[in-house]
Amino acid sequence: MKVLLIGGGGREHALAWKLSQSPLVEKIYCAPGNPGMKGVEPVALSSLEELADFAEANGIGLTMVGPEASLCEGIADVFRARGLRICGPSKEAAQLEGSKSYAKDFMRRHGLPTAKAARFTELQPALDYIEAEGAPIVVKADGLAAGKGVVVAETKEEAAEAVRECLGGKFGSAGASVLIEECLFGEEASIIALCDGKTILPLASSQDHKRALDGDTGPNTGGMGAYSPAPVVTDELWQTINVQILQPFVKGVQEDKLDFRGIIYAGLMITKEGPKVLEFNVRFGDPETQAILMRLESDLAEALVAVADGKLDTIRLQWTPQPAVCVVLTAKGYPGSYPKGDIISGLDEAEKNGAVVFHAGTKRVDGNIVTNGGRVLGVTARGNDIADAVKNAYEAVSHISWNGMTYRKDIAHRALER
Ligand code: AMP
Ligand code: GLY
């Protein structure tokens, strides 16, 4: 089978790496791909129709979509209308990520636990609401804002400022409506699951680190590192998550007649009252996927085909008990502005002891690999326990360098402290 992968970041590199191990996969194309992907043919197309033309012309047996933008644009609808097999939810179902108020309404309608929230398009009622509710309180741009649309405000003034910026156009049309949400407290965990609309099959649990700096401080980022499993998700909590979140999710998808054949990612806060959903994404997490797929022993291609074909009930997944840790290496200045084009050294040495270096923002220039984004690499390793995995990941990191390389030194600290 030939596979077309959409995307070009660390998550897609991890998907390509895992898919290439499948005996079912004879060739992988990736649009656009990245220079770290070995044996993968890059495809320089981006419009949905062109991609579907490519899939048709090249006999692609499975298209797997990484980023939310393509899903929210409706790539799954375009491919399915042409009889092409694709793993990803429909445009309508992708609103579970594309619109936070759509997701909130879905959760309310189907009884999934989540924070209390109200939606506003006008400034004054939003400010009145903040005044009445008090701080801390969370302000979210309703639409897609590349992970930058959420402010956890410590004071009412900070919340008011966030609402002004959002409704004032900081996120363009994505911020034309704003959700103001009760602040939840607890430890976070990510549950990523395969779902074919009838069956939901969770992957190993994971946790990412969204803040830029050690100690989970500093600005929010796309993710500075991740580990799997997340020890906060005990066997007992898995039961609760299944009963209160995963099963109601599938039932909700069916009741709303959504075509959800893809990946559902629930960002959870484990509060004193139990797990609550902070957000849905309709795709694999980045960098959670890098850590999770390092632990998957089963055939990913077989599982993704089953998702696309609505036969997920036939799949069982095997995991190594060994934890995995991914440390993201970033360009200096990220998540603000950062330089590009710095030559990276030590990539081969870093992989000598079994670690895998997933590329995210890199480019090949004159035989060198140079930085080409904020999140540049995801160095991922397993270990006998979480401490060993952390040690192995940072040992691999120690071989890599470029001018201005930065990274967090405390990935998985919550798991280590347990
Ligand atoms: P989201 O994109 O909705 O996941 O939000 C990004 C981050 O903001 C989450 O990972 C949390 O750390 C934080 N966050 C979002 N919603 C809440 C909430 N209701 N209470 C506390 N923190 C939140
Ligand atoms: N790591 C968070 C995300 O992929 O949205």
Side-chain angles (χ1 to χ4, degrees), residues 7 9-12 14-15 65-69 71-72 96-104 107 113-118 133 135-154 158-159 162 166 171 174-175 178-192 203 205-212 216-228 230 232 263-273 275-293 326-328 330 335 358 360 374-375 378 408 411 414:
R11 162 184 55 206
E12 289 77 21
L15 287 165
V65 189
E68 64 275 15
L71 293 163
C72 291
L96 287 166
E97 175 164 1
S99 162
K100 290 191 189 284
S101 56
Y102 181 95
K104 200 52 104 175
M107 288 189 263
T114 185
K116 176 183 143 188
E133 292 292 317
I137 194 158
V138 182
V139 177
K140 300 183 173 185
D142 198 345
L144 285 183
K148 297 185 180 113
V150 176
V151 173
V152 180
E154 298 300 331
E158 205 186 320
C166 188
F171 307 109
V178 67
L179 223 62
I180 304 181
E181 195 169 284
E182 164 200 8
C183 190
L184 300 176
F185 299 93
E187 193 169 334
E188 290 182 50
S190 305
I191 300 297
I192 302 176
L203 307 179
S205 65
S206 62
Q207 182 48 48
D208 76 341
H209 291 269
K210 288 205 171 70
R211 302 297 197 96
D216 292 317
T217 58
N220 260 316
T221 71
M224 296 296 291
Y227 54 97
S228 172
V232 64
I263 315 302
I264 181 71
Y265 166 136
L268 306 181
M269 185 72 88
I270 313 305
T271 72
K272 287 204 186 77
E273 294 121 62
K276 295 193 182 184
V277 180
L278 293 175
E279 62 161 347
F280 283 129
N281 298 316
V282 296
R283 48 161 178 87
F284 278 107
D286 189 341
E288 290 93 327
T289 304
Q290 290 84 315
I292 289 173
L293 293 185
C326 171
V327 178
V328 173
T330 58
F358 294 115
R375 293 195 291 172
R408 277 184 58 166
I411 298 305
R414 282 179 204 277

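Scope of the values below: all heavy atoms of this structure, side chains included, with no hydrogens, waters or symmetry mates. In this chain, numbering begins with 1 at the start of the sequence shown. We count ligands from 1, going down the list as the structure has it; atoms in each ligand are counted the same way.
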Exercise. Is the shortest distance from a heavy atom of Gly267 to ligand 1 less than 4.0 Å?
Worked result: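 Per 4.0 Å heavy-atom rule, Gly267 does not contact ligand 1.
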For this session: Could you tell me whether the side chains of Lys104 and Thr114 share a donor-acceptor contact shorter than 3.5 Å?
Result: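 The answer is yes; a qualifying pair exists.
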Exercise. Without hydrogens or angle criteria, can the side chains of Ser190 and Tyr265 be said to hold a donor-acceptor pair below 3.5 Å?
Worked result: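 A pair is found: one side chain offers a donor N or O, the other an acceptor, under 3.5 Å apart.
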Exercise. Does Ala226 offer a backbone N or O that forms a donor-acceptor pair with the side chain of Asp208 under 3.5 Å?
Worked result: no
For this session: Please answer whether the main-chain N or O of Val282 pairs with a side-chain N or O of Glu97 as donor and acceptor at a distance below 3.5 Å.
Result: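 Answer holds: yes.
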Taking 4.0 angstrom as the limit and counting only heavy atoms of [X], give me the atoms of ligand 2 inside it, by number and element.
X: Asn281; value: 5 (O)
X: Asp208; value: 1 (N), 2 (C)
X: Arg283; value: 3 (C), 4 (O), 5 (O)
X: Gly285; value: 4 (O)
X: Gly222; value: 1 (N), 2 (C)

For this session: May I ask you to check whether Val152 has an N/O atom sitting below 3.5 Å from an N/O atom of ligand 1?
Result: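 No, there is no polar N/O contact under 3.5 Å.
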Exercise. Asn220 to ligand 1: N or O pair under 3.5 Å?
Worked result: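 No; every N/O pair is 3.5 Å or more apart.
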Exercise. Under 3.5 Å, N or O to N or O, is Glu279 touching ligand 2 that way?
Worked result: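 Such a contact does not occur with ligand 2.
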For this session: Report yes if Lys210 has an N/O atom closer than 3.5 Å to an N/O atom of ligand 2; otherwise report no.
Result: no
Are any non-hydrogen side-chain atoms of [X] and [Y] less than 4.5 angstrom apart?
X: Leu184; Y: Leu278; result: yes
X: Ile137; Y: Glu182; result: no
X: Leu203; Y: Phe284; result: yes
X: Val151; Y: Glu158; result: yes
X: Gln290; Y: Val328; result: no

Exercise. With a 4.0 Å cut-off on heavy atoms, does Gly223 reach ligand 2?
Worked result: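 It does not, in that no heavy atom of Gly223 comes within the 4.0 Å cut-off of ligand 2.
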For this session: Flag the pair Glu133 and Lys116 as a salt bridge only when some basic side-chain nitrogen lies within less than 4.0 angstrom of an acidic carboxylate oxygen.
Result: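 The answer is yes: the pair qualifies as a salt bridge.
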Problem set entry | Subset of ligand 1 atoms that lie under 4.0 Å from at least one heavy atom of Lys140 | 3 (O), 15 (C), 16 (N)
For this session: Check each atom of ligand 1 against the heavy atoms of Glu182 and keep those under 4.0 Å away; list them by number with element.
Result: 18 (C), 19 (N), 20 (N)
Problem set entry | Per atom 12 (O) of ligand 1, closest listed option by heavy atom (Lys210, Met269, Lys100, Glu188) |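 Result: the heavy atom closest to atom 12 (O) of ligand 1 is in Glu188.
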Problem set entry | Worked check of salt bridge (Lys or Arg N to Asp or Glu O under 4.0 Å) between Lys210 and Asp216 | CA-CA 7 Å; Lys210 288 205 171 70; Asp216 292 317; over 6 Å; no
For this session: Between Arg11 and ligand 2, find which residue part has any heavy-atom pair under 4.0 Å and reply side chain, backbone, both or neither.
Result: neither
Considering heavy atoms of the protein only, find what lies nearest to [atom] and give residue, atom and distance to 0.1 Å.
atom: atom 17 (C) of ligand 1; value: Leu278 CD2, 3.5 Å
atom: atom 5 (O) of ligand 1; value: Val150 CG2, 3.5 Å
atom: atom 20 (N) of ligand 1; value: Leu184 N, 2.8 Å
atom: atom 2 (O) of ligand 1; value: Glu279 OE1, 3.2 Å

For this session: Report the distance from atom CD of Glu181 to atom NZ of Lys100, rounding to the nearest 0.5 Å.
Result: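 If we round to the nearest 0.5 Å, Glu181:CD and Lys100:NZ are 8.0 Å apart.
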